[in-house]
Every structure is written in C-alpha cells, then in structure tokens.
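Numbering of ligands and ligand atoms starts at 1, following listing order. What you see is a predicted model; the values in this text were computed from it and never measured. Values reported hereafter were calculated over all heavy atoms of this structure, with side chains retained and with hydrogens, waters and symmetry mates removed.
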Amino acid sequence: MRIVDIIEKKKQGKEHTKEEIDFLISSLMDGTAADYQISAWLMAVYFKGMSDDETAYLTDALVRSGEVIDLEQLASSVVDKHSTGGVGDKVTITLIPLLAACGIPVAKLSGRGLGHTGGTIDKLESIPGFNTNMSIPDMIAQVKKIGVAIGAQTQKLTPADGKLYALRDVTATVDSRPLIASSVVSKKIASGADNIILDVKYGSGAFMKTPEDAVKLSEIMVKIGKKLNKNITAVITSMDEPLGRAVGNSLEIIEAIEFLKGNIKEGDIAELTYDFAALALVQMKKSDNIDEARKIINDAIESGRALEKFRELIITQGGDASVLDDYSKFPQVKYIVELKSGESGFVHRIDALKIAYGCKLLGAGREKKTDSIDYGVGVFLNKKSGEYVNKGDVICTIYSNDEDKTNAALEYCKDAFVLSESKYVEYNLIYKIIR
Ligand code: URA
C-alpha cells in the first residue's frame with residue numbers, strides 16, 4: 001500500500017477500506033507519511049467526505065493509536081463532556097468543577113485551539129504552572145483522590161488525533177463532519193468515561209454553520225458512541241454570538257471563575273452550564289428530575305464548593321491557585337483599548353467568527369502548529385445582544401500586546417457588532433437533544 005494511492009482514492013471520492021485507514025494512521029504515527037501527504041488526504045476528505053463506516057474505522061484507528069483509560073477501577077460511573085468548538089466557550093471550565101462538587105466523578109480529555117475556536121487546554125494553561133500533560137495512572141489516581149482530572153492528548157492517549165488535529169488547525173480542514181466526529185469520539189472513548197455529553201455547536205462561530213449539519217454530526221457521533229456501549233447524549237446549541245463576554249484564554253478563565261464564585265447568574269454561560277450540569281445529574285441518577293438537579297447545582301455554587309473544587313483541581317495539577325483571588329497573577333497585556341459605538345440602538349447581533357478572527361490575530365490562537373499562544377490577549381464584550389447602546393458607549397475592550405494588531409482587531413470588532421432600532425428577539429440556546 002502507498003499513501004499516494006490512498007490520497008488519490010479519496011480525491012476521486014471513493015470509499016476507503018478499514019485496512020487503508022489503518023495503514024494511513026499507522027504511517028502517520030511511525031512518520032513514514034509526511035505531513036504534506038496527510039494534509040493532502042485531509043483536504044480530499046474535506047471535499048469528498050466519508051461514509052459512516054469510514055468514520056467508524058477512522059475513530060477506531062485513532063483510539064488504537066494510543067491507550068484507553070480503564071476507569072473500571074474507579075468503581076463508579078464517570079462523566080465526560082466535549083464541545084465541538086465555539087468562540088468564548090468556557091463551559092467545560094465552569095462545568096467540570098461544578099459536577100465534581102456535586103459528587104460526579106469527571107475525567108476529561110480536552111483539545112487545544114482549533115481553527116478559529118479556542119481550546120480548553122490552552123485556556124487552562126494560562127493559569128501559571130497548570131499541567132495538562134498527565135499520565136494515565138496519574139489521571140486515574142487524581143479522579144480517585146479529588147473526583148476530577150483534565151488532561152490533553154499525550155503520546156499515550158489518542159496521539160494520532162493530536163497529530164491530525166494540529167495539521168487540520170493550520171490547513172483549513174477543520175470543518176469536516178467525519179473529521180470532527182472521529183476526533184471527538186475517539187478522545188471520549190480513550191478517556192474511558194461511560195457517560196458522554198456532547199455540545200454540538202452550529203452558527204457563525206461554529207464549524208457546522210446550520211442546525212441541520214449539526215444534527216447530522218450529532219447523529220453519527222451518537223451512533224458510534226452507542227455501538228461502543230456508551231451512554232451518550234448530543235445537545236445541539238447555537239454559536240452565532242460568542243458565549244459569555246470574554247474571548248481569549250486568561251480572560252475566559254477569569255469569566256469562568258466569576259461564574260463559580262456565583263457572580264454570574266444570568267446569560268448564556270450560566271444558562272448552558274446549568275443545563276449541562278442538570279442533564280449530567282439526571283443521566284448519572286444523582287437526581288430524579290431537572291428542577292431538583294438545578295437546586296443541587298445552585299447549592300454547589302452558593303456554598304462555595306464549586307469554586308473550592310476548582311481550587312483543588314488547579315493545585316493538584318500544579319497550577320498557581322492564587323489566580324482565583326488575584327487576577328493580576330494571570331499574564332498581563334501592554335494595551336487595553338476600548339471600542340466605542342458610533343451610533344445608538346439595541347445590539348442585534350455580534351458575529352462570533354469576526355470576534356474570533358480578531359482574537360486570533362491578537363495571538364490568542366495559532367497560525368502555524370509551532371506557534372505559541374499569547375495567553376493574556378483577547379476581547380471582552382461590554383455589550384451583548386439585546387442590550388441598549390448609546391452613541392459613545394464602550395461596546396467591547398481589546399486586550400493586546402501589539403499596537404498594529406490592536407488596530408486590526410478593532411476593525412474586526414467594529415464589523416462584528418450589528419445594531420438595530422428594534423429590541424432583539426431572544427432565541428433558544430438549545431436547538432435539539434439527540435440520544
Ligand atoms: N473538537 C475536537 O476534539 N475535534 C474536532 O475536530 C473539533 C472539535
């Protein structure tokens with residue numbers, strides 16, 4: 001078998017056999033396939049797609065490229081949640097300590113930024129010292145000890161996904177249904193959790209632009225998960241506007257901390273975190289119904305237990321937990337520039353993709369896979385959809401380390417805000433749940 005023939009076959013839109021997919025992934029792993037060949041194959045998949053069988057073969061090959069965590073040793077069910085990627089999406093960071101504080105063990109394998117979207121691992125690494133490179137025994141021991149662990153792919157866990165992910169990030173091949181499905185589900189299987197909740201996003205800031213595409217993506221992921229005896233739920237949610245007000249690594253962690261401190265009670269971040277946590281509590285039989293679950297969640301926040309669980313997680317993974325009480329311990333930026341509105345009206349829309357491009361340009365994401373992240377940069381949305389703006393009001397704030405980049409990001413942000421004279425009509429964050 002030759003890699004070039006596999007690329008040619010996909011270029012012609014033909015279906016791969018299991019052997020071909022296995023050969024491709026083993027060649028990726030042993031280095032006999034060059035990055036440019038894998039990138040060419042990814043682009044062929046992007047244009048020609050993959051059948052459900054091919055997607056299942058790829059998922060399986062990604063899982064087998066590393067080890068699978070055996071969480072059986074934990075004696076209780078474990079939950080894992082994953083988002084297909086959004087802008088300002090810090091719900092994993094609000095949710096994971098919250099669930100652990102409600103007595104649900106969480107073992108989570110997360111990714112780095114992908115395309116225009118941010119990644120949980122990059123966000124957590126903005127906490128000085130926070131270590132996401134965990135060994136499997138360490139991850140199991142940590143879940144046993146404190147009920148929660150968050151790690152990145154390593155050489156041991158879905159390493160082939162790590163390699164494909166890094167290439168997709170810089171070759172414009174992220175927004176492909178089979179590539180997303182195999183990437184997400186392989187990580188969830190490798191993490192060993194028996195309860196999986198997927199947040200499948202659609203809209204301008206997501207990889208799936210329409211709810212219909214998000215439904216198709218959810219169906220394939222749920223199908224593969226069920227085949228592997230996982231209790232899997234996909235929640236399809238809107239991503240037309242950034243989630244919350246902060247976009248950028250440390251800015252998002254600060255917003256998550258504010259939520260865990262009980263200072264953010266309304267808006268999309270609070271709504272989605274409560275919805276996902278309630279779903280998990282009911283799915284894990286910790287609560288009989290959603291209303292009761294919401295009370296348990298509220299108590300975990302109001303009592304301070306959720307914040308203390310996050311503190312414990314940070315300390316256990318080597319991070320500086322003083323960031324929880326002193327935000328100046330996060331990486332600081334040179335420039336903080338406010339964007340003022342040139343008109344009055346209701347904020348009708350904030351285009352998530354444009355805000356994401358502005359943030360990436362500031363250095364919050366990578367252009368090349370070897371790039372490092374500038375953790376402190378980003379955009380804070382002083383106004384969100386539905387809020388009234390007077391001419392001259394600050395609509396957003398840019399955090400930057402470079403004057404030219406600040407000006408370019410300002411242009412993206414100006415473009416992202418659409419004002420209207422009439423009051424904005426509220427929409428449902430959750431479109432559909434697929435089990
Ligand atoms: N999240 C992942 O882990 N992989 C993708 O491809 C997209 C989102």
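- Taking both residues in full, the closest heavy atoms of T92 and K108 are given as CG2-CE, 3.3 Å, listed atom of the first, atom of the second, then distance.
- Residue K187 has at least one heavy-atom neighbour below 4.0 Å for each of these atoms of ligand 1: 2 (C), 3 (O), 4 (N).
- Set against the non-hydrogen atoms of R168, the atoms of ligand 1 under 4.0 Å away are 5 (C), 6 (O).
- Considering backbone and side-chain N/O of T84, none are found under 3.5 Å from N/O of ligand 1.
- Ligand 1 places these atoms under 4.0 Å from at least one heavy atom of S183: 2 (C), 3 (O), 4 (N), 5 (C), 6 (O).
- For the pair H82 and ligand 1, the shortest N or O to N or O distance falls below 3.5 Å.
- Short contacts between ligand 1 and V184, defined as distances under 4.0 Å to a heavy atom of the residue, involve ligand atoms 1 (N), 2 (C), 3 (O), 4 (N).
- Scanning all heavy atoms of the two residues, the minimum distance from I189 to V68 falls at O-CG1, 3.6 Å.
- Using a distance-only test at 3.5 Å, with no hydrogens or angles considered, a donor-acceptor pair links the side chain of E252 to the main chain of G248.
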Do D60 and K18 pass the salt bridge (charged side-chain N to carboxylate O under 4.0 Å, His left out) test, and can you show the C-alpha distance, the side-chain angles, and the key distance before you say yes or no? CA-CA 10 Å; D60 182 49; K18 180 169 173 16; 3.4 Å; yes
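- Between L179 and L58, some side-chain heavy-atom pair lies under the 4.5 Å cut-off.
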